[in-house]
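Inspection log for the structure reproduced underneath, given as structure tokens.
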Protein chains: 2
Amino acid sequence: MHDHSVHVQCGDCPIRHRAVCARCETDELARLEQVKYYRSFQAGQTIIWSGDRMEFVGSVVSGIATLTQTMEDGRRQMVGLLLPSDFVGRPGRSTAAFDVTATTDLVMCCFRKKPFEELMSTTPHIAQRLLEMTLDELDAAREWMLLLGRKTAREKIASLISIIARRDAALHLRRASGKLSVDLPLTREEMADYLGLTLETVSRQISALKKDGVISLEGNRHVSIPDLDRLLEEAGDDSDGGMLV
Amino acid sequence: MHDHSVHVQCGDCPIRHRAVCARCETDELARLEQVKYYRSFQAGQTIIWSGDRMEFVGSVVSGIATLTQTMEDGRRQMVGLLLPSDFVGRPGRSTAAFDVTATTDLVMCCFRKKPFEELMSTTPHIAQRLLEMTLDELDAAREWMLLLGRKTAREKIASLISIIARRDAALHLRRASGKLSVDLPLTREEMADYLGLTLETVSRQISALKKDGVISLEGNRHVSIPDLDRLLEEAGDDSDGGMLV
DNA sequence: CCCGTCTCTTGATCTGGGTCAAGGATGACC
DNA sequence: GGTCATCCTTGACCCAGATCAAGAGACGGG
């Protein structure tokens, strides 16, 4: 017999806590537990190729993965950035529509798709939670579309930094810890793929923001933000209120 | 007592057929029927402003609506194009994230949000169908991101025409009717907002595609496509197979 | 039929970001 | 500490698409 409270805590598997377990019942958990497994990937390794048959869904436990789309001539656009606790996979679809790649070493908590779908069809909470998560992703994708279609290179960079800062803050529940700083988990090239720019332009605009005192760098990947409002203004977002800190 | 078969047909209300009724039961339909109502909008009228409280969900019965986002300085990006049978609204959210505007005269079939959500929580099929629709939208948004971030103006125009042709074909179940032709339901400016371009560039690229024989125009809004494969090639999509015709 | 309003086209010019090219840092490994 | 590979920066130049501007259709209303 499973101990309910242990399962609600979910150990090192965020999906069960965040996506599935909120108001779970013991036997559902037991069934989930039976089909759950972990997979590790090395930095740079492709997890799923676009068009592949997908036989699992899951969530990121640690590390970072990206969702990208590539044209025949090599032009590449990132269409999703997966941080720990983010969900991957589409119940009801048999093939992947995009490449999923680990950009750092990565651990995922996976569920075989069939049993997961069966569970979903018998447990309304799961479908509802997934719907909520998918709607969040859709909103994020639409903000991203504004960025890609209408923002300048400088605004794109400022937006990316504030997006990462926000997700970071949400993830670590870090509160008003004085100075705000973020580690960029992406190379310049990955940022370029995220933003629809070239890596040279990314580099130039980061240098420009640094020169203008909007951000400062310690090493290539660590950014401090002396004035968050200033950064948000540079990002061209309409007032974002107290999302951060 | 409701006649089940009538409700499965759904009369003039596509949501009930497409989103809700697939495997419905009589009493669910009766409950839905009680909270269902129609609203008409004139061309150009704003249906919902971003940030507004949203007290209904629904689907487009006839006409066309757009989802747009606008920056303070007026730069504008379309982030959704709603054709008949498309769903609007986010169960679980209280405020709208984007402006919804009728670009033609429009009829929507609406459901008050509260009862719809209650129905959703008691009827697994509804949440599952909505999840499926939302995943479709997310896929479309991600294709759109590739277009916005990486395609040239010419590719963007060719993509837009093929997207509209595809949706049109799906909608009207039109089969190999000889020559392929589409009505563009958008002004040049709306196309520009869709594609992240200016209206002048849209006009120029349409002229160029016409000059090169990829499309031909009858009037400003009606496009014929002599060679679909040629158009898809211009759009830069990797092989789309027999999605059309 | 004329008038005003929208929508669309086309031309001339400008510029943000792409492209090409050359190094400079950084860090892992021997 | 040296070597190699990866990542990043900066400069010079160019071009696709934006901007500014003028005018041509299309169309509904009086």
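Being a predicted model, the structure only gives us computed values, none of them experimental. Lettering follows sequence order; numbering is per chain, from 1.
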In whole Å, what is the span from the NZ atom of K151(A) to the P atom of dG16(C)? 19 Å
Please enumerate all residues that pass side chain to side chain donor-acceptor pair (under 3.5 Å) together with Q42(A), with sequence neighbours excluded. none
Going by salt bridge (charged side-chain N to carboxylate O under 4.0 Å, His left out), name the residues that satisfy it together with E137(B), two or more places apart in sequence or in a different chain. R142(A)
Scanning both residues in full, the closest heavy-atom pair of G58(B) with F87(B) reads O-CD1, 3.3 Å
No-hydrogen, no-angle side-chain donor-acceptor test under 3.5 Å, T103(A) and E190(A): no
Name the atoms and distances for all side-chain donor-acceptor pairs under 3.5 Å in residues 198-206 of chain A, with sequence neighbours left out.
unit_1: T198(A); atom_1: OG1; unit_2: T201(A); atom_2: N; d: 3.3
unit_1: T198(A); atom_1: OG1; unit_2: T201(A); atom_2: OG1; d: 3.1

Once you apply a heavy-atom cut-off of 4.0 Å, does G196(A) come out as touching a base, just sugar-phosphate, or nothing? sugar-phosphate
Position toward the 5' end of DNA chain C (nearest nucleotide), G219(A) or L197(A): L197(A)
Within residues 147-156 of chain A or reaching into it, pairs that qualify as side chain to side chain donor-acceptor pair (under 3.5 Å) - sequence neighbours excluded: R150(A)-D193(B), K151(A)-S159(A), K151(A)-D237(A), T152(A)-E155(A), R154(A)-D212(A), R154(A)-E234(A), E155(A)-R75(B)
Indicate every side-chain donor-acceptor pair of residues 63-70 of chain B with a distance under 3.5 Å to a residue at least two apart or in another chain.
unit_1: Q69(B); atom_1: NE2; unit_2: E143(A); atom_2: OE1; d: 3.2
unit_1: Q69(B); atom_1: NE2; unit_2: E143(A); atom_2: OE2; d: 3.0

Any residue meeting salt bridge (charged side-chain N to carboxylate O under 4.0 Å, His left out) with D136(A), in chain and number order, not counting sequence neighbours: R93(B)
As a check of understanding: the bend across the helix from dC1(C)-dG30(D) to dC30(C)-dG1(D), end axes from five pairs, rounded to 10 degrees, works out to 40°
Side chain to side chain contact (heavy atoms under 4.5 Å, CB included) evaluation trace for S94(A) with M54(A): CA-CA 6 Å; S94(A) 56; M54(A) 268 196 53; over 6 Å; no
List in numerical order all residues of residues 62-71 of chain A for which some heavy atom is under 4.0 Å away from an atom belonging to DNA chain D. none
In sequence, state the C-alpha distance, the side-chain angles, and the governing distance for I48(A) and D99(A), and then conclude on side chain to side chain contact (heavy atoms under 4.5 Å, CB included). CA-CA 6 Å; I48(A) 307 161; D99(A) 296 336; over 6 Å; no
Contact string for nucleotides 4-14 of chain C, one letter per nucleotide 5' to 3', B = base within protein heavy-atom range under 4.0 Å, S = sugar-phosphate only, - = neither, reads ----SBBBB--
With sequence neighbours excluded, what pairs up with D183(A) under the side chain to side chain donor-acceptor pair (under 3.5 Å) test? H222(A)
On DNA chain D, which is the earliest and which the latest nucleotide, 5' to 3', with an atom closer than 4.0 Å to a heavy atom of chain A? dC8(D) to dA12(D)
What ring-ring contact (aromatic ring centres under 6.0 Å, His included) pairs are there with at least one residue in residues 183-213 of chain A, not counting sequence neighbours? W144(A)-Y194(A)
For S162(B) and A235(B), the nearest pair of non-hydrogen atoms, with its separation, is OG-CB, 4.4 Å
